[in-house]
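Take a look at the structure below.
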Amino acid sequence: MPQKRRPPRTLLVFLQALIGVEIVIELRNETKIKGHVDFVDAQMNILLKNADIRRPQRAPEKFEDLFVVGRNVRYIQLPDLDIDATLEHHRDFVDRQNKRHK
């Protein structure tokens, strides 16, 4: 019986697997951003949908789309989720995309 291929386990692949998931990002300047992951590129820049921004000593702001530069991220807070299932679902999605483009 062939062994099932395991998805890569890098931080980039994990972040890309979070598309559609609501996360909280804390930036290096103490800003906190809550939103749904829409896209993550190879430099770990993150595009969020429906983002709420909270900055120290400033009024909260809302954006429909917000681009977060990866080098400015200090922490990413994740919801309680099954990491293995999330990565498996992402691997299946990537495999389907690859088959469609062949």
Side-chain angles (χ1 to χ4, degrees):
M1 174 186 249
Q3 189 174 16
K4 195 171 186 180
R5 193 182 86 199
R6 294 188 70 190
R9 295 189 181 258
T10 65
L11 182 57
L12 175 60
V13 170
F14 181 67
L15 290 175
Q16 290 172 335
L18 295 176
I19 291 176
V21 175
E22 185 176 68
I23 62 172
V24 176
I25 299 173
E26 183 178 327
L27 303 180
R28 293 172 21 191
N29 68 358
E30 307 297 324
T31 298
K32 290 189 179 181
I33 305 167
K34 182 178 185 178
H36 290 86
V37 178
D38 190 52
F39 180 76
V40 180
D41 69 13
Q43 287 76 39
M44 289 195 270
N45 299 313
I46 304 169
L47 178 62
L48 295 175
K49 293 282 189 188
N50 303 317
D52 295 322
I53 299 178
R54 299 199 179 267
R55 298 178 194 175
Q57 323 246 321
R58 293 177 77 179
E61 298 176 84
K62 292 184 183 240
F63 292 90
E64 188 176 319
D65 297 307
L66 183 71
F67 185 79
V68 179
V69 178
R71 70 175 176 267
N72 292 328
V73 174
R74 178 180 291 155
Y75 299 113
I76 297 178
Q77 298 173 16
L78 304 172
D80 187 23
L81 52 82
D82 182 344
I83 294 171
D84 289 329
T86 301
L87 288 170
E88 185 69 26
H89 176 73
H90 180 67
R91 183 187 63 93
D92 292 343
F93 172 77
V94 170
D95 287 347
R96 283 192 308 274
Q97 293 296 319
N98 289 339
K99 286 178 185 174
R100 212 179 339 164
H101 294 288
K102 285 186 178 180

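- Cluster membership for Val13 and Ile23, using ILVMFWY side-chain heavy atoms within less than 4.5 angstrom, is shared.
- Heavy atoms from other residues, nucleotides or ligands lying under 6.0 Å from NZ of Lys32 number 12 at most.
- Once rounded to the nearest 0.5 Å, the distance linking CD of Gln16 with CG of Asp41 reads 8.0 Å.
- Side-chain contact between Pro79 and Val21 is present, with heavy atoms from C-beta onward closer than 4.5 Å.
- Atom-to-atom distance recorded for Asp38:CG and Ile19:CD1 is 7.0 Å, nearest 0.5 angstrom.
- When the side chains of ILVMFWY residues are joined at heavy-atom separations under 4.5 Å, either directly or via intervening members, Leu11 and Leu27 end up in a single hydrophobic cluster.
- With sequence neighbours excluded, the residues forming a side-chain hydrogen bond (donor to acceptor under 3.5 Å, both in side chains) with Arg74 are Glu26, Glu30, listed by chain and number.
- Distance check: Arg55 CZ to Asn29 CG gives 7.5 Å after rounding to the nearest 0.5 Å.
- A continuous path of Ile, Leu, Val, Met, Phe, Trp and Tyr side chains, each step under 4.5 Å between heavy atoms, connects Leu12 with Leu48, placing both in one hydrophobic cluster.
- Put simply, the side chain of Ile46 does not reach to within 4.5 Å of the side chain of Leu18, judged on heavy atoms.
- Counting heavy atoms from C-beta on, the side chains of Val73 and Met44 never come closer than 4.5 Å.
- Ile53 and Val24 are assigned to two separate hydrophobic clusters, defined by single-linkage of ILVMFWY side chains at heavy-atom distances under 4.5 Å.
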Please report the C-alpha distance between Val37 and Leu15 in whole Å, then the side-chain angles of each, then the deciding distance to 0.1 Å, and finally whether the side-chain contact (heavy atoms from CB on, under 4.5 Å) criterion is met.
CA-CA 9 Å; Val37 178; Leu15 290 175; over 6 Å; no
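- Phe67 CZ: more than 12 foreign heavy atoms inside a 6.0 Å radius.
- Put simply, the side chain of Phe14 reaches to within 4.5 Å of the side chain of Leu78, judged on heavy atoms.
- One distance of note links CD of Gln77 with CD1 of Ile33; it measures 12.0 Å at 0.5 Å rounding.
- Between the CG atom in Asp65 and the CG atom in Asn50 there is a gap of 8.0 Å [rounded to 0.5 Å].
- In this structure, Leu66 CG and Ile25 CD1 are separated by 8.0 Å, a value rounded to the nearest 0.5 Å.
- Remark: side-chain polar atoms of Arg71 are not paired, donor with acceptor, to backbone N or O of Gln43 under 3.5 angstrom.
- With sequence neighbours excluded, no residue forms a side-chain hydrogen bond (donor to acceptor under 3.5 Å, both in side chains) with Asn72.
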